[in-house]
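Residue numbering restarts at 1 for every chain, and letters A, B, ... go by the order of the sequence lines.
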2 protein chains.
Amino acid sequence: MKYAQEDAVEKATILFWKKGFQGSGMRDIQQALDMRPGSIYARFQNKEGLFKLVVEQYVAHSKEKLQNVADSDTPLLSLREFFKTALINPDELRYMRQCLLVKSITELELIGDVGKKAVLEGMVLLNNCFANIIEKAIETKELQDTTPVAFAADWLQNQFVGLRAFAILQTDNSAIEKMIDKVLYDLAAQWPSN
Amino acid sequence: MKYAQEDAVEKATILFWKKGFQGSGMRDIQQALDMRPGSIYARFQNKEGLFKLVVEQYVAHSKEKLQNVADSDTPLLSLREFFKTALINPDELRYMRQCLLVKSITELELIGDVGKKAVLEGMVLLNNCFANIIEKAIETKELQDTTPVAFAADWLQNQFVGLRAFAILQTDNSAIEKMIDKVLYDLAAQWPSN
DNA sequence: GCAAAAATTGAACACTCGTTCAAGTTAACA
DNA sequence: TGTTAACTTGAACGAGTGTTCAATTTTTGC
């Protein structure tokens with residue numbers, strides 16, 4: 001029963017990821033989950049409740065992957081690999097190049113308070129993950145210890161956002177790789193003071 | 001008459017900018033333009049036709065501002081100012097921090113072919129503007145002549161996307177300014193080869 | 001000042017939206 | 001095997017969607 005629920009949330013994730021909150025109708029959801037409206041409402045309260053679970057699972061999953069990066073012996077090299085696998089994938093999985101959270105932010109006003117909260121809290125959580133990676137990279141001397149951790153974490157998250165928007169429109173994978181390289185150069189480059 | 005049309009498109013721009021294509025209902029549009037459905041359809045064909053005009057006007061407006069940056073004696077300094085005015089504004093204009101085109105990209109599948117085309121062509125057009133700025137900055141020696149123009153233009157556009165996503169969630173204006181500074185540092189820093 | 005053309009109106013259309021709930025099915029336990 | 005509880009079903013609801021069009025008003029040109 002619990003497994004079936006996780007499975008359902010996973011299927012809903014694909015839908016929301018592809019079509020957004022607003023763009024995913026209850027009838028799309030019913031079809032994707034192979035469930036009738038009554039069951040969906042009994043389980044998830046409503047569309048927004050399902051969306052909340054989707055976001056939470058998405059964040060948990062992303063957090064796990066970013067923590068693996070941080071736990072690596074060479075966090076920055078792992079980060080490069082993480083970016084590559086997130087941004088370069090076969091065409092049928094192209095929708096994944098967009099970050100579900102960022103996509104949701106663009107329609108934040110149309111989502112209710114429950115879903116909104118889940119999205120914003122997810123952003124903060126992933127930001128912490130980026131900060132962890134930077135701290136670890138300082139420990140392994142991949143980055144200077146003068147690197148401003150909190151600011152660089154915000155910056156890295158931004159870069160990810162920009163990269164994802166780029167990757168959606170891009171057909172040339174080598175251009176994406178070069179863009180990732182640039183991010184890693186700049187991460188080790190100069191930071192604004194105070 | 002022509003003026004009234006531009007005025008209507010401007011009002012529609014605010015609506016689409018705030019709520020997106022999908023999120024802006026015809027009744028919202030009717031209210032915003034103070035027009036009845038028949039008039040709107042007579043003038044703009046349909047919702048998507050209006051959206052197309054909105055995007056085109058938005059792009060034309062953005063292009064103009066970016067061209068002013070390129071025509072400046074110090075394009076990079078002007079670019080900094082351009083970023084600042086686009087990203088730091090009073091709370092009631094906060095919706096403007098998001099790029100209308102990028103916002104539209106996230107719901108591209110839900111917009112028809114006409115609107116989709118307008119958005120994608122707009123992206124290409126603005127990309128050219130960014131390339132112009134970089135070329136001019138090389139001429140004024142603000143950038144090295146080894147800077148890879150086309151790639152740097154893509155990169156700059158990405159930075160703008162990331163910055164705008166950052167600025168929406170950010171309340172601290174000085175953090176945004178620092179993020180802009182970082183972009184300008186990196187623009188003059190190392191680029192990946194081939 | 002008047003007729004023809006252009007623009008505007010708003011009620012109504014067919015369809016889709018998220019959601020409900022009484023009825024029916026399946027599972028759990030004694 | 002009978003009883004209770006948990007879950008599932010799908011028709012139906014009211015509100016919202018983009019769009020149409022005959023009737024009306026305004027503008028235009030002579």
Side-chain angles (χ1 to χ4, degrees), chain A residues 1-55 104 106-119, chain B residues 1-55 104 106-119:
Chain A
M1 194 89 320
K2 249 305 172 58
Y3 174 75
Q5 171 139 335
E6 271 182 33
D7 190 51
V9 172
E10 216 159 284
K11 283 170 178 165
T13 302
I14 296 173
L15 191 65
F16 282 128
W17 212 340
K18 279 182 178 167
K19 299 194 164 197
F21 178 78
Q22 179 87 180
S24 303
M26 280 308 292
R27 271 125 191 118
D28 297 326
I29 294 173
Q30 289 159 34
Q31 194 176 353
L33 308 196
D34 190 27
M35 281 175 136
R36 263 39 63 196
S39 304
I40 295 175
Y41 279 81
R43 253 189 221 264
F44 304 108
Q45 193 128 329
N46 53 28
K47 185 184 174 186
E48 203 185 344
L50 174 60
F51 179 74
K52 181 185 173 238
L53 288 183
V54 163
V55 168
S104 303
T106 63
E107 51 178 350
L108 213 51
E109 318 295 83
L110 306 158
I111 306 173
D113 287 342
V114 173
K116 197 169 171 173
K117 199 180 157 212
V119 170
Chain B
M1 195 90 318
K2 249 304 174 56
Y3 174 75
Q5 172 138 332
E6 272 181 32
D7 190 51
V9 171
E10 215 159 284
K11 282 170 179 166
T13 303
I14 295 173
L15 192 64
F16 282 128
W17 211 340
K18 280 182 177 167
K19 299 195 166 199
F21 179 77
Q22 178 87 183
S24 303
M26 279 309 291
R27 271 122 194 121
D28 296 327
I29 294 173
Q30 287 159 35
Q31 194 176 357
L33 308 197
D34 189 27
M35 281 176 137
R36 265 38 65 198
S39 304
I40 295 175
Y41 279 82
R43 252 190 222 263
F44 304 108
Q45 191 128 331
N46 54 26
K47 185 183 172 184
E48 201 185 345
L50 175 58
F51 179 75
K52 181 184 174 240
L53 288 183
V54 163
V55 168
S104 303
T106 64
E107 51 177 351
L108 213 50
E109 319 296 84
L110 305 159
I111 307 173
D113 286 343
V114 173
K116 197 169 171 172
K117 198 180 158 213
V119 170

*Atom-pair distance (CE on Met26(A); P on dG10(D)), nearest Å*: 15 Å
*asked:* Does dT9(C) have its OP1 or OP2 closer than 4.0 Å to a side-chain nitrogen or oxygen of Ser39(B)?
replied: yes
*Are the side chains of Lys52(A) and Phe44(A) in touch, meaning some heavy atoms are under 4.5 Å apart?*
no
*Between Pro37(A) and Asp28(A), who's closer to the 5' end of DNA chain C by nearest nucleotide?*
Asp28(A)
*Please report, rounded to the nearest Å, how far the C1' atom of dG16(D) is from the CD atom of Gln31(B).*
15 Å
*Check ion pair Asp7(A)-Lys11(A) (N to O, under 4.0 angstrom)*: yes
*So do the side chains of Met26(A) and Pro37(A) get within less than 4.5 Å of each other, counting heavy atoms only?*
no
*Return no unless some side-chain N or O of Tyr41(A) is found under 4.0 Å from OP1 or OP2 of dT20(C).*
no
*Whole-Å distance between dT27(D) C1' and Arg43(B) CZ?*
13 Å
_Can you confirm whether Glu109(A) sits close enough to Lys18(B) that some side-chain heavy atom of one is under 4.5 Å from a side-chain heavy atom of the other?_
no
*Do Arg27(B) side-chain and dG16(D) base share a donor-acceptor contact under 3.5 Å?*
no
*asked:* Tell me the interatomic distance from Ile29(B), atom CD1, to dT8(C), atom P, rounded to whole angstroms.
replied: 16 Å
*Sugar-phosphate, base or nothing in reach of Gly25(B), heavy atoms under 4.0 Å*: sugar-phosphate
*Can you tell me the distance, in whole Å, between the NZ atom of Lys19(A) and the P atom of dT16(C)?*
13 Å
_Does a side-chain N or O of Arg36(B) approach OP1 or OP2 of dA11(C) to a distance below 4.0 Å, or not?_
no
